[in-house]
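Accompanying notes for the structure given below.
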Amino acid sequence: MQQANLGLVGGGTVGGGVFQAIQRNGALVASRLGVRLAVAKVAVRDLAKARAVKVPAAQLTTDWQSVVNDPGVDIVVEVMGGTTTARSVVLQALKLGKPVVTANKALLSAHGEELFAAAERAGTNLYYEASVAGGIPIIKVLREGLIGNRITRLYGIVNGTCNYILTRMKREGADFSAVLAEAQRLGYAEAEPSLDVDGHDAAHKIGILASLAHGFWVNPKDVHVEGIRHLTQQDIQFAGQLGYTIKLLGVVKQVVAGGRAAKATTRTAAAQARIQVSVYPCLVPNAHVLASVNDVFNAVYVRGDIVGDTLYYGRGAGQDATASAVLSDLADAALDLKFGTKHRIPPFVPHERAGAVIAMDAVTSRYYVRLAVLDRPGVFAKIAAILARAKIGISSIMQPEGHEGAVVPVILMIHDAPNAAMRKALAQIARLAVVKGAPVMIRVESFE
Ligand code: NAP
Ligand code: HSE
């Protein structure tokens, strides 16, 4: 049987998981593929480090170039993270005509266009299933399964660490920092966990999905990003009383003039639409399926103009889920070696030259707003007057019981309004003497 020799650059959570998964299911994969996968070499930073997954010392090196350049290595697996050395690893492997598998969404977000062009020039492929939503095969879904559809909506819970934190804060009232430390211990979090909690990791992933869905490589600078650091137990509880669950949501939507989500799905409408590509904490109605996606699980909800609504669910982070996605790419890369690259749909095909991301200010949303106000008559009137001048409608006002004191919380639910108008109105409200502290604003998604 033909054998494909793998060079792993990185032997941490994901690299160790891939090594272990090949030991466990290598024979199964070989019987399905007709190609045996064999790990030839693994590059790490520190040879002396204790490793949960034991790799024979003879296979370990600290020199990634010796892995990539080794003529005996057929496929390079970049699972080291970062965007500088990792970029060199991928470019060098592609230059040598070797297929590359990466789990590195930060790298693709920053350099995707360059790397896919390099793969095309070299006549090989760059695979990245593990870069988005852990074990969910969402890249293959968009690349192959839904190829006949225009994607009009895509909503994703795509960061396992944040979903784990939000779930435990809601369920147990757990403390943010303690749950983050637990996510790090479980191997869910990035080496730099601010990438997770400040929304950047989700933004990298949602940019990749938007690029695949809309056919132009989304510039990460155009993705609107908000994280979960500022969310409080109070907001999680108030949202619950109103029938919502707070999730960090990636949103990719066709938007028409006026900032509203596009309803039409014709070719002309699609060509004229601009795309909202954003990540922010969001109130999800409890009746919606995404509200029930808990712990480290991810889910991606995709609407195609032909298929309608579809949903993909699975573990979004961690050693085994990610290794499963890498194995799927390794199978494609091994078949490339066996039959050549031309028999499959390329990993990324640019096809929408005029595509553009709309600025968040121009998007229309609904909102939950929490204000801390002085408990005295006339306060609501002052706030309502500012919103009325901005032509922003209030759908409900709640002053929850049990918060007696000089300063009390007030929750406003706001009808559809442009983000720019809302931002300006909140800045004016924050300047009122009766309003204490910065207003909290969280968008509400209706999934229409
Ligand atoms: P990790 O546990 O920190 O592993 C990184 C590995 O790369 C380590 O083995 C490290 O060596 C090695 N490394 C770093 N710099 C190196 C260098 N210059 N030369 C050689 N080896 C080097 O990280 P991870 O969680 O596996 O993540 C790896 C990638 O997968 C990242 O891009 C991440 O975003 C992505 N990803 C992670 C998950 C997850 O759940 N963890 C899921 C999907 C995607 P040492 O072991 O000696 O330190
Ligand atoms: N840190 C990432 C997460 C790993 O928590 O989702 C999976 O990409």
Side-chain angles (χ1 to χ4, degrees), residues 7-20 41-55 60-68 76-90 101-110 128-136 138-139 156-167 179-180 182-206 208 227-228 248 250 279 293 295-300 314-326 329:
L8 271 55
V9 182
T13 303
V14 180
V18 171
F19 188 86
Q20 192 169 253
K41 283 185 165 175
V42 182
V44 293
R45 209 169 7 201
D46 177 4
L47 291 177
K49 192 170 174 179
R51 294 179 192 283
V53 176
K54 300 274 175 277
V55 177
L60 285 176
T61 172
T62 53
D63 178 10
W64 67 262
Q65 306 221 27
S66 74
V67 174
V68 172
V76 172
V77 184
E78 185 281 300
V79 281
M80 67 185 294
T83 56
T84 309
T85 310
R87 172 174 168 269
S88 307
V89 168
V90 173
V101 173
T102 182
N104 192 337
K105 50 272 170 162
L107 175 70
L108 290 176
S109 171
Y128 52 104
E129 187 63 73
S131 69
V132 183
I136 305 173
I138 188 66
I139 302 295
I157 295 174
V158 289
N159 184 271
T161 302
C162 287
N163 206 36
Y164 185 70
I165 294 173
L166 292 175
T167 302
V179 194
L180 173 58
E182 178 72 359
Q184 288 177 285
R185 192 186 65 73
L186 292 166
Y188 301 160
E190 295 301 303
E192 176 42 76
S194 64
L195 284 174
D196 295 296
V197 296
D198 293 327
H200 301 295
D201 176 78
H204 296 151
K205 292 166 175 170
I206 219 68
I208 293 170
I228 64 164
L248 183 71
V279 168
V293 176
D295 299 304
V296 74
F297 282 86
N298 281 190
V300 187
R315 281 181 195 280
Q319 190 158 60
D320 293 343
T322 312
S324 165
V326 171
D329 280 349

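Values below: all heavy atoms of this structure, side chains included; hydrogens, waters and symmetry mates excluded. Order of appearance sets the numbers: ligands from 1, and atoms from 1 within every ligand.
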Quick test of your reading of the structure: of [options], whose heavy atom lies closest to [atom]?
| atom | options | answer |
| --- | --- | --- |
| atom 27 (O) of ligand 1 | D201, V14, D63, T13 | V14 |
| atom 18 (N) of ligand 1 | K105, M80, K49 | M80 |
| atom 14 (C) of ligand 1 | E190, R45, H204 | R45 |

Evaluate the side-chain proximity of [Y] to [X]: yes if any heavy-atom separation is below 4.5 Å, no if none is.
| X | Y | value |
| --- | --- | --- |
| H200 | E190 | no |
| R87 | L107 | yes |
| V44 | K49 | no |
| T62 | L47 | yes |
| I139 | I208 | yes |
| T13 | T322 | no |

Distance flag for atom 23 (O) of ligand 1, protein heavy atom under 4.0 Å: no
Nearest protein heavy atom under 4.0 Å from atom 3 (O) of ligand 1, yes or no: no
Using a 4.0 Å cut-off to any heavy atom of [X], which atoms of ligand 2 qualify?
| X | result |
| --- | --- |
| E190 | 1 (N), 2 (C), 4 (C) |
| G160 | 3 (C), 5 (O), 6 (O) |
| A189 | 1 (N) |
| G316 | 6 (O), 7 (C) |
| K205 | 2 (C), 3 (C), 6 (O), 7 (C), 8 (O) |

Show the nearest heavy-atom pair for residues [X] and [Y], with the distance to one decimal.
| X | Y | value |
| --- | --- | --- |
| G11 | V42 | CA-CG1, 3.9 Å |
| A43 | V67 | CB-CG2, 3.9 Å |
| A86 | N104 | CB-ND2, 3.7 Å |
| R315 | F297 | N-CD2, 3.6 Å |
| C162 | D196 | SG-O, 3.2 Å |
| S66 | T61 | OG-OG1, 3.7 Å |

Identify, for [atom], the protein heavy atom at the shortest distance, and state residue, atom and that distance.
| atom | value |
| --- | --- |
| atom 40 (O) of ligand 1 | G318 N, 2.7 Å |
| atom 46 (O) of ligand 1 | R51 NH1, 2.7 Å |
| atom 42 (C) of ligand 1 | T322 OG1, 3.2 Å |
| atom 28 (C) of ligand 1 | V79 O, 3.4 Å |
| atom 31 (C) of ligand 1 | G81 CA, 3.6 Å |
| atom 5 (O) of ligand 2 | T161 OG1, 2.6 Å |
| atom 35 (C) of ligand 1 | A103 O, 3.3 Å |
| atom 8 (O) of ligand 2 | K105 NZ, 2.6 Å |

Using a 4.0 Å cutoff against the non-hydrogen atoms of [X], which atoms of ligand 1 qualify?
| X | result |
| --- | --- |
| G187 | 39 (C), 40 (O), 41 (N) |
| N104 | 32 (O) |
| D46 | 47 (O) |
| G11 | 6 (C), 8 (C), 9 (O) |
| G12 | 2 (O), 4 (O), 6 (C), 8 (C), 9 (O), 26 (O) |
| A317 | 40 (O) |
| A130 | 43 (C), 44 (C) |
| G10 | 6 (C), 7 (O), 9 (O), 12 (C) |

Determine yes or no for a side-chain-to-main-chain donor-acceptor pair under 3.5 angstrom, with [X] supplying the side chain and [Y] the backbone.
| X | Y | result |
| --- | --- | --- |
| E78 | G81 | yes |
| N298 | G314 | no |
| S324 | D320 | no |
| D329 | E129 | yes |

Which part of [X] is near ligand 2, with near meaning a heavy atom under 4.0 Å away: side chain, backbone, both or neither?
| X | value |
| --- | --- |
| D196 | side chain |
| S131 | neither |
| N298 | neither |

Whether G134 lies under 4.0 Å from ligand 2, heavy atom: no
V9 to ligand 1, any heavy atom closer than 4.0 Å: no
Approximate separation, where rounding is to 0.5 Å, of T83 OG1 and L108 CG: 11.0 Å
CD on Q65 to OG1 on T85, rounded to 0.5 Å: 9.5 Å
Proximity to ligand 1 by part of A106, non-hydrogen separation under 4.0 Å: neither
Which segment of A191 sits under 4.0 Å of ligand 1 when only heavy atoms are counted: neither
Among L166, L180, L248, side chain to side chain contact (heavy atoms under 4.5 Å, CB included) partner for T161: L180
